[in-house]
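Quantities reported herein were computed from a predicted structural model and do not represent experimental measurements.
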Amino acid sequence: MIAKNISLIGFMGSGKTTIGKILAERTGFLFVDIDKIIEYVSGKKISQLFENFGENYFRDIERKTAEKLYRNNTNCVFACGGGIFETPENIEIIRKNSIVIFLNIDPDTAYERLKNSTDRPLLNKVSDLRSEINNLIDKRLKTYMENSDVRLDVSRKEPGYFADEILRKIINK
């Protein structure tokens with residue numbers, strides 16, 4: 001079977017949580033949403049951390065949380081925050097301790113999934129949501145591509161399909 005953790009990376013709205021839960025169920029692994037762990041430990045929503053302390057503060061908490069989670073756990077499916085790979089230390093620890101799956105989403109699908117969202121701090125106060133989504137995807141795409149073991153376009157089809165596709169690609173990897 002699978003010898004280590006599975007980490008799902010990708011832009012907001014790419015289905016990391018939904019696909020991750022299905023994948024965890026099918027593998028018998030524990031599902032861990034890193035953003036939810038941060039919220040639980042800090043007692044604050046991600047949006048509150050951004051608003052009250054700024055993105056740099058959040059990224060520092062994210063880095064410390066990822067380090068603890070990956071150093072102390074195996075047989076987990078991790079849903080990573082969309083910007084987790086903006087910190088080089090996160091890339092290193094996640095790559096070292098898991099198979100990294102990039103869930104790629106096109107900007108139009110991301111826009112449709114996120115246009116009514118109120119809990120995305122990097123998108124909440126922008127005047128042109130579609131343009132900001134395009135900019136963030138462009139900014140992150142190369143890092144996602146270069147640091148993933150498996151890449152899937154998840155703009156179409158159902159989440160269960162992608163969980164099965166991930167399993168086909170990583171068995172015995």
Side-chain angles (χ1 to χ4, degrees), residues 6-24 31-42 44-63 65-66 69-70 76-91 94-95 98 100-163 165-166:
I6 302 167
S7 294
L8 303 178
I9 64 168
F11 194 69
M12 299 173 245
S14 62
K16 297 178 299 281
T17 298
T18 303
I19 293 169
K21 287 178 180 176
I22 296 167
L23 196 55
F31 174 74
V32 180
D33 184 322
I34 294 176
D35 282 350
K36 294 296 181 203
I37 297 293
I38 292 169
E39 288 181 343
Y40 178 77
V41 171
S42 71
K44 296 185 181 340
K45 293 282 191 191
I46 301 298
S47 56
Q48 292 173 307
L49 292 171
F50 266 79
E51 191 170 311
N52 296 339
F53 306 106
E55 184 175 0
N56 289 339
Y57 177 85
F58 171 75
R59 296 291 173 214
D60 189 51
I61 290 174
E62 183 180 54
R63 179 188 52 76
T65 302
L69 288 171
Y70 282 92
C76 294
V77 174
F78 290 103
C80 299
I84 200 164
F85 271 22
E86 292 193 18
T87 306
E89 295 89 350
N90 290 342
I91 296 171
I94 292 169
R95 297 265 324 171
S98 66
V100 180
I101 313 297
F102 170 37
L103 304 180
N104 192 13
I105 185 172
D106 68 70
D108 290 335
T109 302
Y111 174 79
E112 286 303 315
R113 292 181 184 176
L114 298 169
K115 66 184 178 186
N116 296 318
S117 179
T118 58
D119 62 345
R120 308 290 181 158
L122 292 177
L123 301 178
N124 283 348
K125 296 180 181 176
V126 298
S127 58
D128 184 350
L129 181 61
R130 189 177 297 275
S131 177
E132 186 61 20
I133 287 171
N134 285 333
N135 290 338
L136 284 170
I137 289 175
D138 286 347
K139 176 183 171 188
R140 296 175 176 175
L141 184 62
K142 183 178 179 194
T143 303
Y144 290 150
M145 295 290 286
E146 289 177 348
N147 293 289
S148 55
D149 300 302
V150 174
R151 293 153 208 87
L152 295 173
D153 180 353
V154 294
S155 298
R156 309 289 178 266
K157 296 195 169 70
E158 294 301 312
Y161 169 84
F162 295 111
E165 189 66 16
I166 290 166

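R156 approaches F162 most closely through the heavy-atom pair O-CZ, 2.8 Å. Taking all atoms of both residues into account, the shortest heavy-atom contact from D60 to R63 is OD1-NH2, 2.6 Å. Closest non-hydrogen pair, I22 versus A163, comes out as CG2-CB, 3.5 Å. Pairing each heavy atom of P107 with each of N134, the nearest pair is CB-OD1, 2.7 Å.
No side-chain donor-acceptor contact under 3.5 Å links T87 to the backbone of E89. Remark: side-chain polar atoms of T18 are not paired, donor with acceptor, to backbone N or O of G15 under 3.5 angstrom. Using modelled atom types, no side-chain atom of E39 and backbone atom of K45 make a donor-acceptor pair closer than 3.5 Å. With hydrogens and angles ignored, the 3.5 Å screen pairs a side-chain donor or acceptor of K16 with a backbone N or O of G10. Side chain of R130 to backbone of Y111: no donor-acceptor contact under 3.5 angstrom is found.
Annotation: side chain of I19 is in contact with side chain of V154 (closest heavy-atom distance under 4.5 Å). A 4.5 Å side-chain heavy-atom check between I166 and L103 finds at least one atom pair inside the cut-off. The closest side-chain heavy-atom distance from D35 to F58 is below 4.5 Å.
A distance of 12.0 Å separates CG in L141 from CG in L136, rounded to the nearest 0.5 Å. To the nearest 0.5 angstrom, N104 atom CG is 13.0 Å from R140 atom CZ. Rounding to the nearest 0.5 angstrom, the gap separating the OG atom in S98 from the CG atom in L69 is 11.5 Å. Once rounded to the nearest 0.5 Å, the distance linking CD of E62 with CD of E55 reads 9.0 Å. Taken from CD1 in I137 to NZ in K139, the straight-line distance is 13.0 Å, to the nearest 0.5 Å. Taking CD1 of I94 as the reference point, atom CD1 of I84 lies at 4.0 Å (rounded to 0.5 Å).
When the side chain to side chain contact (heavy atoms under 4.5 Å, CB included) test is applied to D153, the partners found at least two apart in sequence or on another chain are S155. Residues passing the ring-ring contact (aromatic ring centres under 6.0 Å, His included) test with Y144 are F102, sequence neighbours excluded. With sequence neighbours excluded, no residue forms a ring-ring contact (aromatic ring centres under 6.0 Å, His included) with Y161. With sequence neighbours excluded, the residues satisfying side chain to side chain contact (heavy atoms under 4.5 Å, CB included) with R113 are I105, T109. Looking at residues two or more places apart in sequence or on another chain, you find a side chain to side chain contact (heavy atoms under 4.5 Å, CB included) between N147 and F85, I91, R95, T143. K21 is linked by a side chain to side chain contact (heavy atoms under 4.5 Å, CB included) to T17, F31, counting only residues two or more places apart in sequence or in another chain.
Summarising the local packing, CG of N52 is surrounded by more than 12 heavy atoms from other residues, nucleotides or ligands at distances under 6.0 Å. Within a 6.0 Å sphere centred on CD of E158, other residues, nucleotides and ligands contribute 12 heavy atoms or fewer.
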Run the side-chain contact (heavy atoms from CB on, under 4.5 Å) test on T65 and V41 for me, step by step, so that the C-alpha distance in whole Å, both residues' side-chain angles and the decisive distance to 0.1 Å come before the verdict. CA-CA 9 Å; T65 302; V41 171; over 6 Å; no
